[in-house]
K.L.:
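Structure provided below as structure tokens; questions to follow.
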Amino acid sequence: MTTVKPEKPAIRRGTNLPRMADFNESVILDAIRRHADGLSRVELAQATGLSAQTVSNITRRLLDQGVARESGKQHTGSGKPRTLLEVVPSSRYAVGVHLDPAVITTVLVDLAGTVVAQRSRQTPSGGDTDRTTADMAASVSALVAETGIDDARVLGLGIAAPGPIDAEAGWVVDPPELPGWGRYPLRDRLSEATGFPALLDKDVTAAVVAERWAGAATDSRNLLFFYLGTGSGMGLAVEDTVLRGVSGNAGEVGGLGASFSARTLVDEAIALGVLGTEYTCLDPADAQRGLERLAVAAGDGPADGIIERLAIRVGRGVCAAATLLDVDTVVFGGPVWQLLSDRLLPTIESMVARSPFVRPTHPTTVTSTTLGENVAAIGAAALVLDRTLSAQPRSLLLV
């Protein structure tokens, strides 16, 4: 695996024009957040292109709000030591909910993207959407309450769901493995039930936001995230911008020949005699048991063949997408990836390394997520952090 990191994380340039306080504040906060050792006001001015007075005014506000704090002194050789600033992770929080056909996961994260509380439960079958949504809302409220964190410090609720979605309306739209959901206004229902402002995005998109915020790709501006869970999909970021497409449904991988279904993989293993018929899937949650057994069986010829064929399908799709988008980082994650990564990663990494198109002009990092199997739930919370605190170029548009 080749890992190449820039000497310094990329920082957005600010603007000294009037009426841009919110954008510039986000630029400063993002710059501080991306440097674990902190930045001085002088360094912030140099990195962002903002005037010293603008930096001073914004950092004073961040200190007053408790979002940033002074963390020490930096000695530069001569003159007065510079005061370093760092983000206070416990100053604000966000909730993330991942609606997966097999399991519903809820997390509470701080500003650093660190999970401070989480819970999960099997996704109910039967398609009673209102009942399931009520249970999700109760889980959110209980999670926040048990930490003792004031609701006022929770920035909002992010929801990650399998596609297709209607991002503008906040609906899930008949997800293949969630029968009975139809066109359901999940975002607004959860917001009304919890009292938190809410965002809805595809789970693969949420995952790529998580990786940019707190995962394996915080220093990458061009990233591909491949998710393997109940299904598969791809999250994409180009030049530090997450790609969502016209309707918010970018990332489908069927056209690349890299689609995946946990249920189908278990069915293949049963058909080849690797698994017994007792592993037959009647529900998306059933596939987990069969996949765990398949992971244990890895090393036997037929089991290895199943996993190797999956790795080749995914590897071809990843190579095609990495070539098209010219990314420097490819990250894999999801519950199935966590089970089979030891077998999948070497094959895929080798395919990327041998591709005549992916690597001729720059190295490409191929790695696993550092955020664990709940990367999509963490990503759902990161959607809120990113929307609220990161510099969003669209906020500069005059409407």
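Side chains are part of it too, since the values below use all heavy atoms of this structure and drop only hydrogens, waters and symmetry mates.
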K.L.:
Is there side-chain contact between Y279 and L294, with at least one heavy-atom pair below 4.5 Å?
P.N.:
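Not in contact.
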K.L.:
Between T329, V330, V208, which is the residue that forms a side-chain contact (heavy atoms from CB on, under 4.5 Å) with F225?
P.N.:
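Going through the options one by one, the only one that passes is V208.
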K.L.:
Please report the interatomic distance CZ(R289) to SG(C281), rounded to the nearest 0.5 Å.
P.N.:
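It is 8.5 Å, given to the nearest 0.5 Å.
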K.L.:
Nearest 0.5 angstrom please: T365 OG1 to D219 CG, how far?
P.N.:
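Going from the OG1 atom of T365 to the CG atom of D219 covers 10.5 Å.
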K.L.:
Are any side-chain N or O atoms of R187 and backbone N or O atoms of A169, one a donor and one an acceptor, separated by less than 3.5 Å?
P.N.:
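Side chain of R187 to backbone of A169: a pair is present.
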K.L.:
Any donor and acceptor pair, going by atom type alone, linking the side chain of R153 with main-chain N or O of S90 inside 3.5 Å?
P.N.:
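Confirmed, R153 side chain pairs with S90 backbone.
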K.L.:
Checking S139 side chain against D135 main chain: does a donor-acceptor pair fall under 3.5 Å?
P.N.:
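Not at all, since once roles are kept as given, no pair shorter than 3.5 Å links the two residues.
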K.L.:
Please answer whether the main-chain N or O of D240 pairs with a side-chain N or O of R212 as donor and acceptor at a distance below 3.5 Å.
P.N.:
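Yes, because the side chain of R212 sits within donor-acceptor range (under 3.5 Å) of the backbone of D240.
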K.L.:
Applying the side-chain contact (heavy atoms from CB on, under 4.5 Å) criterion to Y93, which one of L155, V116, V109, V384 satisfies it?
P.N.:
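Answer to the side-chain contact (heavy atoms from CB on, under 4.5 Å) test with Y93 among L155, V116, V109, V384: V116.
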K.L.:
With clusters defined by side-chain heavy atoms of hydrophobic residues (ILVMFWY) lying less than 4.5 Å apart, directly or transitively, does V204 cluster with W213?
P.N.:
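Yes, it is one cluster - the side chains of W213 and V204 are joined through contacts under 4.5 Å.
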K.L.:
Hey, is R34 close enough to D30 for a salt bridge, meaning N to O under 4.0 Å?
P.N.:
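Salt bridge between R34 and D30, a charged N being under 4.0 Å from a carboxylate O: yes.
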K.L.:
Does any N or O in the side chain of D386 come within less than 3.5 Å of the main-chain N or O of L383, such that one atom is a donor and the other an acceptor?
P.N.:
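The answer is no, because no donor-acceptor pair under 3.5 Å joins these two groups.
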K.L.:
Mark yes or no for whether D201, through its side chain, and A380, through its backbone, hold a donor-acceptor pair below 3.5 Å.
P.N.:
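The answer is no, because no donor-acceptor pair under 3.5 Å joins these two groups.
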K.L.:
Where does the angle between the aromatic ring planes of F332 and F226 fall among parallel (under 30°), tilted (30 to 60°) and perpendicular (over 60°)?
P.N.:
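Judged by the thresholds at 30° and 60°, the geometry between F332 and F226 is tilted.
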